[in-house]
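Only one structure is covered here, and it is reproduced in the block below.
All of these numbers come straight from a predicted model, not from anything done at the bench.
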2 protein chains.
Amino acid sequence: MHQDEPRAEAQDEPRTRILDAADKLFYDRGIQSVGMDELRTAAGVSLKRLYGCFPSKNDLVAAYLDRRDTRWRTALTAYVTQHAATLEDCPSAVFDWLHAWFATPDFRGCAFINSFGELGATSQAVTSAARRHKEALLDYLTELARDLGVREPALLGGQLALLVNGAITTAAISGSPDAARDAGAAARALVAAGR
Amino acid sequence: MHQDEPRAEAQDEPRTRILDAADKLFYDRGIQSVGMDELRTAAGVSLKRLYGCFPSKNDLVAAYLDRRDTRWRTALTAYVTQHAATLEDCPSAVFDWLHAWFATPDFRGCAFINSFGELGATSQAVTSAARRHKEALLDYLTELARDLGVREPALLGGQLALLVNGAITTAAISGSPDAARDAGAAARALVAAGR
DNA sequence: TTTCCTGGAGAACGTTCGTTCTCTAGGCTA
DNA sequence: TAGCCTAGAGAACGAACGTTCTCCAGGAAA
């Protein structure tokens, strides 16, 4: 007799396996480059079950982006709250986390920017997912700016978001994580100037 | 008898029409979403001539990116040299030009970032085209920083590039050109701090 | 007029994709 | 054991893609 997993986990284990495979493949190679058949193979799941969990590829893409949004922002905020000793250290911690991400071997830019560039013109769902993600990032950074007691928190928050997005795309295209350092320095200068 | 165009122009008129159609369609909807047949129709050219000018879609994509690179950077530098009264005005002029671009009705982000997100993982040609484009932009901004007599021109140039790329992606996803204003203000603050 | 060459229109080919359908094996209930 | 339901494996389908091929009209050359 084999060991049984807990009920709830076993229940959506296929769904999780599919999402794991989608996350890896879609992020690595882009959405249109990955077929449902390859996805099925990677997830180790039958086509019937794949379409049972996600009625269409669009649904799977939406779920992929949704899960990636929460995971990415959770990882960022967790790192910042854990590694920033003081409030003043928070902006630097953001870019430290980015630097570590950029140095990851399979880093390939922002999934939302990539998806938007690929499908934004044809898929309203992708566009709004990207918009929600970037708005949530902006909200977080604006809140951070507000906590810093800066003169115009909305302005600084927006500028930090520009630096984050610029660093991500630059690091992806250049293939080097250095952009995070320049961005961090710029962020510190902007915070200092905004007081 | 109809009027004859000049020889050289008539010679590659089909090529130009193809590139014009490719520029519009690829930029508007992404590369993989546009088929060669639709391109042929938009260019008003036979399939035979299309494949005579560009032996494969990859070649057309490369030519599309190449022409867009030179046009984009030419337009930027022309605007800056024309609208910046003093050297100090140059950074602001860069972001003024971006703002005007963002407000264009068919603005849809950076063609190179979009192409990279879509095909960077599968096409070495697209990756290196994007890399060359961003490096050329970085060189221009670094030169600009050097002319401003700043302490670390390479650092400031890189930071201006981050702001430019961040503003482009943010404007594209948010659908608003406001990012250019925040980026311009950040650029001025960074220039002032770098002296 | 006949022949030859160019180029256009679009049919055709082979592949790939998203999605559905068929067939079958195996486990549960009676 | 007999009947039934589930789910897996993968064939099948219709559409779309990149690319090539066929056919034919029309102009230049002799």
Side-chain angles (χ1 to χ4, degrees), chain A residues 1-2 4-5 7 9-26 28-65 115 118-119 121-126, chain B residues 1-2 4-5 7 9-26 28-65 115 118-119 121-126:
Chain A
M1 221 187 201
H2 74 290
D4 272 343
E5 300 105 304
R7 275 300 131 92
E9 190 176 316
Q11 184 79 357
D12 45 20
E13 190 206 74
R15 197 168 204 280
T16 311
R17 276 218 308 275
I18 294 168
L19 280 173
D20 288 345
D23 191 74
K24 170 156 184 45
L25 291 174
F26 284 161
D28 278 358
R29 309 219 316 267
I31 292 170
Q32 298 191 88
S33 298
V34 177
M36 294 295 268
D37 210 64
E38 183 177 6
L39 241 149
R40 173 201 66 164
T41 304
V45 142
S46 77
L47 259 186
K48 183 178 277 184
R49 198 184 272 281
L50 175 52
Y51 277 92
C53 291
F54 302 96
S56 79
K57 191 178 183 181
N58 285 338
D59 295 300
L60 179 53
V61 169
Y64 150 67
L65 291 176
S115 304
E118 189 177 354
L119 296 171
T122 46
S123 162
Q124 182 55 42
V126 167
Chain B
M1 221 187 200
H2 73 288
D4 272 344
E5 299 105 306
R7 275 301 131 90
E9 189 176 317
Q11 185 79 358
D12 45 19
E13 191 207 70
R15 197 169 203 279
T16 311
R17 276 218 308 276
I18 293 169
L19 281 174
D20 287 345
D23 190 74
K24 169 155 186 45
L25 291 174
F26 284 162
D28 278 0
R29 309 220 315 268
I31 292 170
Q32 298 190 87
S33 299
V34 177
M36 294 296 268
D37 209 64
E38 182 178 6
L39 241 149
R40 172 201 65 166
T41 304
V45 141
S46 76
L47 259 186
K48 182 178 277 184
R49 197 185 272 280
L50 174 53
Y51 276 92
C53 290
F54 302 96
S56 77
K57 192 179 183 180
N58 286 337
D59 295 299
L60 179 52
V61 169
Y64 150 67
L65 291 176
S115 304
E118 189 177 353
L119 296 171
T122 48
S123 162
Q124 183 55 43
V126 167

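Rounded to an integer number of Å, the gap from B:I31 CD1 to D:dC17 P is 15 Å. C:dC17 atom P lies 12 Å from atom CZ of A:F26, rounded to whole Å. For A:D59 and C:dG18, the CG to P distance is 14 Å, given to the nearest whole Å. Here C:dG10 presents its C1' atom at 7 Å from CZ of B:R40, a figure rounded to the nearest Å. The interatomic distance linking A:R29 (CZ) with C:dT16 (P) rounds to 13 Å, in whole Å. With rounding to whole Å, A:E38 atom CD is found 17 Å from D:dG10 atom C1'. Rounded to a whole Å, the CG atom of A:L50 is 14 Å from the P atom of C:dC17. Atoms OH (A:Y51) and C1' (D:dA9) sit 16 Å apart, rounded to a whole Å.
Distances from the side chain of A:K57 to the nucleotides D:dG10, D:dC17, C:dG18 place C:dG18 closest. Residue A:L47 places its side chain closer to D:dG10 than to any other of D:dT19, C:dG18, D:dG10. Residue A:R49 has its side chain nearest to D:dA7 when only D:dC17, D:dA7, C:dT19 are considered. The B:S46 side chain lies nearest to C:dA9 when the options are D:dG8, C:dA9, D:dG10.
At a threshold of 4.0 Å, the pair A:D37-A:R40 counts as salt-bridged, since one of the basic side-chain nitrogens sits closer than that to a carboxylate oxygen.
Checked against B:L39 for a side-chain contact (heavy atoms from CB on, under 4.5 Å), the options B:V45, B:L47, B:L60 give a single hit: B:L60.
Between B:E118 and B:S33, the closest heavy-atom pair is OE2-N, 4.4 Å.
For A:S33 and A:P55, each mapped to the nucleotide of DNA chain C holding its nearest heavy atom, the one lying further toward the 5' end belongs to A:S33.
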**Q.** Test side-chain contact (heavy atoms from CB on, under 4.5 Å) applied to B:S115 and B:I31, step by step
**A.** CA-CA 7 Å; B:S115 304; B:I31 292 170; 3.7 Å; yes
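Considering only heavy atoms from C-beta on, A:F54 comes within 4.5 Å of A:L19 through its side chain.
Side-chain N/O atoms of B:K48 and base N/O atoms of C:dG8 include a donor-acceptor pair closer than 3.5 Å.
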